[in-house]
Protein chains: 2
Amino acid sequence: MVPFEKLGIVAGRGDLPLKVAQRASSMGVGVTVLILKDQADPTLYQDQYACHIIRMGAAQASIDLVRSLGIRDLVFVGAVNRPSLFELRPDKKALTIVGSSLMKLGDDGLLRSVISYLEEKEGLIVHPIHTILDDIMPETGQLGALAVPSEVQADIDKGCAVLNAMAGLDIGQAVVVQNGVILGVEAAEGTDSLIERCGHLKRAGREGGPGPVLVKLSKRQQTERADLPTIGPNTISAAARAGFSGVVIQAGRSLLVSKAETIAAADAAGLFLLAVTDGNDTQ
Amino acid sequence: MVPFEKLGIVAGRGDLPLKVAQRASSMGVGVTVLILKDQADPTLYQDQYACHIIRMGAAQASIDLVRSLGIRDLVFVGAVNRPSLFELRPDKKALTIVGSSLMKLGDDGLLRSVISYLEEKEGLIVHPIHTILDDIMPETGQLGALAVPSEVQADIDKGCAVLNAMAGLDIGQAVVVQNGVILGVEAAEGTDSLIERCGHLKRAGREGGPGPVLVKLSKRQQTERADLPTIGPNTISAAARAGFSGVVIQAGRSLLVSKAETIAAADAAGLFLLAVTDGNDTQ
């Protein structure tokens, strides 16, 4: 049982916030969805849950709202497109929280600033998503029916090594590797776009060798309370379309949405799906 | 005057090998173009220069050919698409040169292996391209009419810092930065493709702020005798189309083809063009 009666779900894009709302509700927790304006789709929530639309730049109004609702416990769920300063229109409180570094911090730095502020100065508690969705983080090991083909192991090792070397840089944490060559590195474009372009760059299959591998790990400094790397059925279908051989994620530091469906999709497409602990244990 | 009478130009893609052939000819050097099969376009050279088509995997035949022509001095010019093992069909000599690591080495490692072998075991000399095209390497400083806008300086610093941190990884050495955010990292897709996708990811211009910056530096371990980062008029027009504010390259470690034309294109499009020494001197 979760140790709170009320939960505020700060909802970004996608349907993951809805899954959190459904699970929390089913556990008897009173759910309020704080719909991030221009990010979450209000129609997903409005008929079923108490909802309020909040604007990212309106920090004072949002904090006042959370207080007036008697909410102490929050989760941040769903992707957020980084707004322009024009769209953000930060209020005085928002500027206080992130300071003059507003547009200079990477996404991680920004999120960490916001969460630290809410916890240290406002007495709120920001929980990681797996407090609610306790089956969303994969455990270490082979997840689907297919084992990692031995000739792909070196590519997995290389992908993990490159990501670990890049981990302090606050850029994307996914790479695509084939035959020892890094075909693509993710930054702001998103994993699906990375997969698609690497499908066009991959070595022709005339040799019958294995296709590329997607390796997606958590950044070292990434807060587990927001924005962990996420894969789901769409990732698998994109990888299958692009002729990949498999997908590697991180156990305990990434989100596997619709786990059963994702694994079934990998099995059906003949892709392996592996969860490594920290990228230094890829065997 | 160059210190040799005969030059073998190992020609990859694009028209840069032709420029080298023209310049060397104009200096009185006897030019033989060694056209890499499936990479260089033979029709560019066949009417004007002594030409032989060589296959990348046929190392013994290529070395024998170079010897029989009395050539000691070589340049490697032009991009090369990494072939599949099927396409490469390496002969015994090629396998000796790169060893069992053939498909595991990154592009840099492969090129360094080949060049070391030719110099140390075969007594050939591989010259950097600027031995011939002595105006192709930019000097440090502002190259076009436009100075770097002060609000872009932090993005240039960040791009250089990220590239320097990635320099040991043998992946691409170009990034796109805007407002402190790394929009894209180049791997195998090429700079034009990087520019195009970052054009779609850039922050909307409603604030009147500056567009993204392309920063393209040489990898630390990259041999200057092949495959230095290259920009030219096409890079500028791609960056202009995508709404970029400017382009940063590396003095003495990158190739600026068609220099006058490239600078004129940047000036016409309102882009700055800056050459930094090593990415630690970005002011």
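To find a chain, count down the sequence lines: A is the first, B the second, and so on, and within it residues start at 1.
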- Note on the structure: Against chain A, residues from residues 185-196 of chain B with at least one heavy atom under 4.5 Å, in numeric order, are Val185(B), Ala187(B), Ala188(B), Glu189(B)
- Task: Nearest 0.5 Å please: distance from the CD1 atom of Ile182(B) over to the CE atom of Met166(A).
- Result: 9.5 Å
- Tell me, side chain or backbone of Leu183(A) under 4.5 Å from chain B's heavy atoms, or both, or neither? both
